[in-house]
Protein chains: 2
Amino acid sequence: MIQKRRYSKQRECILNALQSTKSHPSANMVYDMVRQEIPNISLGTVYRNLAELVEEGAIIKIDAGDGMEHYDGYNKPHYHMFCRGCKSVSDIEIEYHAGMDTAAAKESGAEIEYHNVVFMGMCRNCKKIN
Amino acid sequence: MIQKRRYSKQRECILNALQSTKSHPSANMVYDMVRQEIPNISLGTVYRNLAELVEEGAIIKIDAGDGMEHYDGYNKPHYHMFCRGCKSVSDIEIEYHAGMDTAAAKESGAEIEYHNVVFMGMCRNCKKIN
DNA sequence: ACTATAAACAGTAACAATTACTATTACTAC
DNA sequence: GTAGTAATAGTAATTGTTACTGTTTATAGT
């Protein structure tokens, strides 16, 4: 009677696309990726499923400051950097600073669930040029 | 001959508004604030001046992940938290982790200029309710 | 102080990312 | 297999932001 989440080819394809890349595509980039598999998929479907996958914790959303959301097939908590040169988001594989969460909670009285870190700068390739 | 930045009442008013609040208003909220002083100021003027003030380092832009930019009259590097309950941005006054920048630079080979941290959770008020 | 110059402006139109809507399709419990 | 209802495709609407245009105004040079 009461139906839970229902399977859909589209959602599986979106999740696969995200899990099989190390890049951090925007919704539109995901749209382009899955259209190779499902040519008539709707952009609205991509947005809706990305939101659902974020909500259930299967992927994460990254705010890089370039005016659009980026998505990341989630494995473990990790940090990101945004390159001012090529405007790309990449992983930064340093340890998650769990101590900052407790410090922030103590300072503010808030309940901290997690934190995001975005490093700003010029990536290895772009710093040569500029 | 070559003109530099020129004074404007509007820009001064915008900077004042940001420096005299501890909140982290969006462009639209800034617009509402300065309209009390300059009723016919244009929203475009607010956006342009906010961008210029960010560029010259007088204020900072915060990406909270709620679909719009927030602005902050800048004093020193500090962190922020976004409350899932009341959707507000507040300061977190813990020390800037400069060590993370060098760690990130070493790990990635990038040139790191700085980093932003946004804590996610429920603020002191909202955690009581929920 | 007066004038020429161009930066900054107000007002509005355009834009791009995202969300909402609607009729149709296709999972899944029975 | 069928009924019920999530999920979809396609499209329209919304929202935050940026670009454009004719006008105003700060300021450098007289």
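If you're wondering where the values come from, they're calculated on a predicted model, not measured in any experiment. Below, all heavy atoms of this structure are taken into account, side chains as well, without hydrogens, waters or symmetry copies. Throughout, protein chains are lettered first and strands after them, A, B, ... in sequence-line order, and every chain is numbered starting at 1.
The side chain of A:Tyr47 places an N or O atom within less than 4.0 Å of a non-bridging phosphate oxygen (OP1 or OP2) of C:dT18. At C:dA8, one or more side-chain N or O atoms of B:Arg11 fall inside 4.0 Å of OP1 or OP2 (strictly under the cut-off). For D:dT17, the OP1/OP2 oxygens have no side-chain nitrogen or oxygen of B:Asn28 closer than 4.0 Å. Contact between the side-chain N/O atoms of A:Gln10 and the OP1/OP2 oxygens of D:dA9 is found at a separation under 4.0 Å. For the pair B:Ser8 and C:dC9, the criterion of a side-chain N or O lying under 4.0 Å from OP1 or OP2 is met. A sub-4.0 Å separation between OP1 or OP2 of D:dA9 and a side-chain N or O of A:Thr45 is present.
Ring geometry for A:Tyr79 versus A:Tyr96: interplanar angle of 30 to 60°, hence tilted.
Atom P of nucleotide C:dA17 and atom CE of A:Met68 are separated by 6 Å, given to the nearest angstrom. Rounded to whole angstrom, the span from the NZ atom of B:Lys9 across to the P atom of D:dA26 amounts to 8 Å. Separating the CD atom of A:Glu69 from the P atom of C:dA16 is a distance of 18 Å, rounded to the nearest angstrom. Counting to the nearest Å, the C1' atom of C:dA8 and the CG atom of B:Leu53 are 13 Å from each other. The separation between A:Tyr71 atom OH and C:dT18 atom P is 6 Å, rounded to whole Å. A:Asn49 has its CG atom 13 Å from the P atom of C:dC27, to the nearest Å. Between B:Asp66 atom CG and C:dT19 atom C1' there is a gap of 15 Å when expressed in whole angstrom units. In this structure, B:Ile38 atom CD1 and C:dG11 atom P are separated by 12 Å, rounded to whole Å.
Counting only residues at least two apart or in different chains, side-chain hydrogen bond (donor to acceptor under 3.5 Å, both in side chains) contacts with residues 56-65 of chain A comprise A:Arg5-A:Glu56.
Remark on DNA chain D: of its neighbouring residues B:Leu43 and A:Arg48, the 5'-side contact belongs to A:Arg48, judged by nearest-heavy-atom nucleotide.
Open room surrounds CZ on B:Arg124; 12 or fewer heavy atoms of other groups in view lie less than 6.0 Å from it. A 6.0 Å sphere centred on CD of A:Gln19 holds more than 12 heavy atoms belonging to other residues, nucleotides or ligands.
For A:Asn40, taking side-chain heavy atoms from C-beta onward, the closest of the listed nucleotides D:dG10, D:dT17, C:dA8 is D:dG10. Of all nucleotides listed (C:dC27, C:dT5, D:dT17), C:dC27 comes nearest to the side chain of A:Arg6. When distances run from any side-chain atom of A:Tyr7 to the nucleotides D:dT8, C:dC27, C:dA10, the shortest one goes to C:dC27.
In terms of the salt bridge (Lys or Arg N to Asp or Glu O under 4.0 Å) criterion, A:Glu55 has no residue partners (sequence neighbours excluded).
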